[in-house]
Amino acid sequence: MARSILHMLTPLRHMSPFDVNMAIDAGFETVVTYTEVSLADVVSLTQDSIFSRAPADGTRTGIFIGGKNAEDALDMVDRAKKAFVPPFVNHVFADPAGSFTTGAAMVAQVSRALRQKFNTDLTGKRIVIFGGAGVVAYVAAVIGALQGAQTVLVGHDGEERVSKIAFTMKWRFGIEVGAVDGTTPEDRRRAIRDADVILSAGPAGIPILSAEDLKSAPKLLVASDVNAVPPAGIAGIDVNAVDVPLPAGKGVGIGALAVGNVKYQTQRRLFDRMLASDTPLCLDFRDAYTLAVEIAG
């Protein structure tokens with residue numbers, strides 16, 4: 001059997017050691033990293049990877065897309081897929097900054113809590129997402145909308161930037177995602193007024209919603225915060241929280257480690273799936289979410 005090879009591409013100066021470790025621990029025998037990769041580079045790198053091996057070895061060869069931008073990663077995936085010349089096809093897996101699997105794990109944990117604590121699901125729920133310009137927020141918004149929720153991105157610097165992001169989501173996935181201003185405390189309280197779910201994916205160590213702010217969300221059922229650096233992004237949710245009562249209302253909170261545990265298992269098992277599959281796979285956050293729901297229970 002041919003050796004398993006993973007080509008790891010990133011537009012950044014460095015490939016994430018986290019992702020390299022995950023790939024090697026999953027069992028890839030050879031891992032090669034490529035940095036400062038542009039979209040224009042993807043075709044030649046992909047075709048070099050496919051034409052240097054027999055078609056039967058395509059399932060022993062993978063392309064991993066890193067970086068820190070959701071749209072850039074998805075564009076690179078599309079470019080790699082178009083570069084394939086069947087039967088010369090490899091696996092492709094996108095997880096920029098680990099955020100595709102993190103966003104998927106976050107929504108999966110929220111879905112679990114809604115079902116176990118409130119006997120309901122994501123359908124029709126209003127999900128308000130802070131850190132709206134980031135990759136985790138992007139993924140959570142798209143997954144939520146695809147699951148029938150009303151997702152809303154909150155912009156810490158106004159509505160304009162998150163509105164543009166929401167527009168690209170509609171163009172790429174055919175979904176409707178809202179965008180609101182979250183510049184001031186008053187704006188943030190207004191944003192969460194009708195929220196069933198609140199997700200915090202803002203910068204580490206930056207408090208976003210206080211206990212007093214949460215009183216403005218009387219319908220709130222579940223809140224989750226992926227910030228692992230104190231202070232918490234959402235008051236009352238520490239890193240170890242699993243369905244803990246929030247400081248206001250009837251809702252429960254889910255912390256960074258509960259999300260991270262599902263994220264870790266999801267990323268590892270997607271690498272495992274690549275190594276085990278007899279057919280080439282193309283994996284992104286939608287595949288991650290399906291698996292994360294299974295893992296979250």
Side-chain angles (χ1 to χ4, degrees), residues 1-104 135 138-139 142 172-173 263-292:
M1 180 181 292
R3 290 177 63 86
S4 57
I5 301 174
L6 184 66
H7 301 281
M8 305 187 79
L9 282 55
T10 178
L12 305 178
R13 289 181 58 221
H14 305 287
M15 174 59 69
S16 165
F18 185 102
D19 295 326
V20 173
N21 290 351
M22 291 287 288
I24 293 173
D25 288 344
F28 279 96
E29 296 166 289
T30 301
V31 174
V32 186
T33 63
Y34 306 77
T35 59
E36 298 181 314
V37 175
S38 70
L39 185 60
D41 295 328
V42 173
V43 169
S44 60
L45 289 171
T46 299
Q47 293 189 336
D48 278 353
S49 78
I50 60 175
F51 291 136
S52 55
R53 310 192 90 182
D57 296 331
T59 56
R60 301 293 292 166
T61 313
I63 296 172
F64 179 87
I65 307 295
K68 283 191 174 181
N69 182 284
E71 290 286 338
D72 289 349
L74 293 169
D75 286 343
M76 284 188 167
V77 170
D78 289 342
R79 193 65 60 93
K81 289 167 61 179
K82 290 176 182 176
F84 291 143
V85 182
F88 294 91
V89 182
N90 296 342
H91 299 301
V92 181
F93 175 21
D95 194 14
S99 296
F100 278 14
T101 46
T102 299
V135 183
Y138 184 103
V139 169
V142 174
R172 191 181 288 271
F173 298 102
K263 174 263 186 304
Y264 178 89
Q265 294 183 65
T266 299
Q267 185 174 0
R268 171 59 185 266
R269 286 169 61 174
L270 288 174
F271 277 133
D272 291 344
R273 190 174 290 177
M274 293 169 70
L275 287 165
S277 178
D278 293 329
T279 57
L281 303 175
C282 185
L283 305 170
D284 64 21
F285 56 79
R286 289 163 289 191
D287 307 279
Y289 178 69
T290 300
L291 181 54

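Side chains included, hydrogens not; waters and symmetry mates left out as well; all remaining heavy atoms used.
The side-chain contact (heavy atoms from CB on, under 4.5 Å) search around D72 returns N69, not counting sequence neighbours. By the side chain to side chain donor-acceptor pair (under 3.5 Å) test, D48 pairs with no residue at all, sequence neighbours left out.
Counting heavy atoms from C-beta on, the side chains of S4 and E29 come closer than 4.5 Å. Side-chain contact between I63 and M76 is absent, with no heavy-atom pair separated by less than 4.5 Å. Using a 4.5 Å heavy-atom threshold, the side chains of I5 and R60 count as separate. A heavy-atom distance below 4.5 Å is found between the side chains of T61 and H7. Considering only heavy atoms from C-beta on, L74 comes within 4.5 Å of F173 through its side chain. Side-chain contact check for Q267 versus L270: every heavy-atom pair is 4.5 Å or farther apart. Considering only heavy atoms from C-beta on, R172 comes within 4.5 Å of E71 through its side chain.
Under a 3.5 Å cut-off, the side chain of H91 and the backbone N or O of L281 do form a donor-acceptor pair. Within the 3.5 Å criterion, the main-chain N or O of A2 finds no donor-acceptor partner in the side chain of R53.
Counting all heavy atoms, side chain and backbone alike, T101 lies closest to A288 at CG2-CB, 4.1 Å. Of all the heavy atoms in A73 and F100, the pair that sits closest is CB-CZ, 4.3 Å. The minimum heavy-atom distance linking D19 with G98 is given by the pair OD2-N, 4.5 Å.
Using modelled atom types, one finds a donor on one side chain and an acceptor on the other under 3.5 Å when comparing S38 with D41.
By the 4.0 Å N-to-carboxylate-O rule, D287 lies too far from R269 to be salt-bridged with it. Using a cutoff of 4.0 Å between basic side-chain nitrogens and carboxylate oxygens, D272 and R268 are scored as salt-bridged.
Legend: ring-ring contact (aromatic ring centres under 6.0 Å, His included) pairs involving residues 38-69, not counting sequence neighbours, sorted by first then second residue: F51-F88, F64-F93, F64-F271.
A distance of 13.5 Å separates OG1 in T10 from OH in Y34, rounded to the nearest 0.5 Å.
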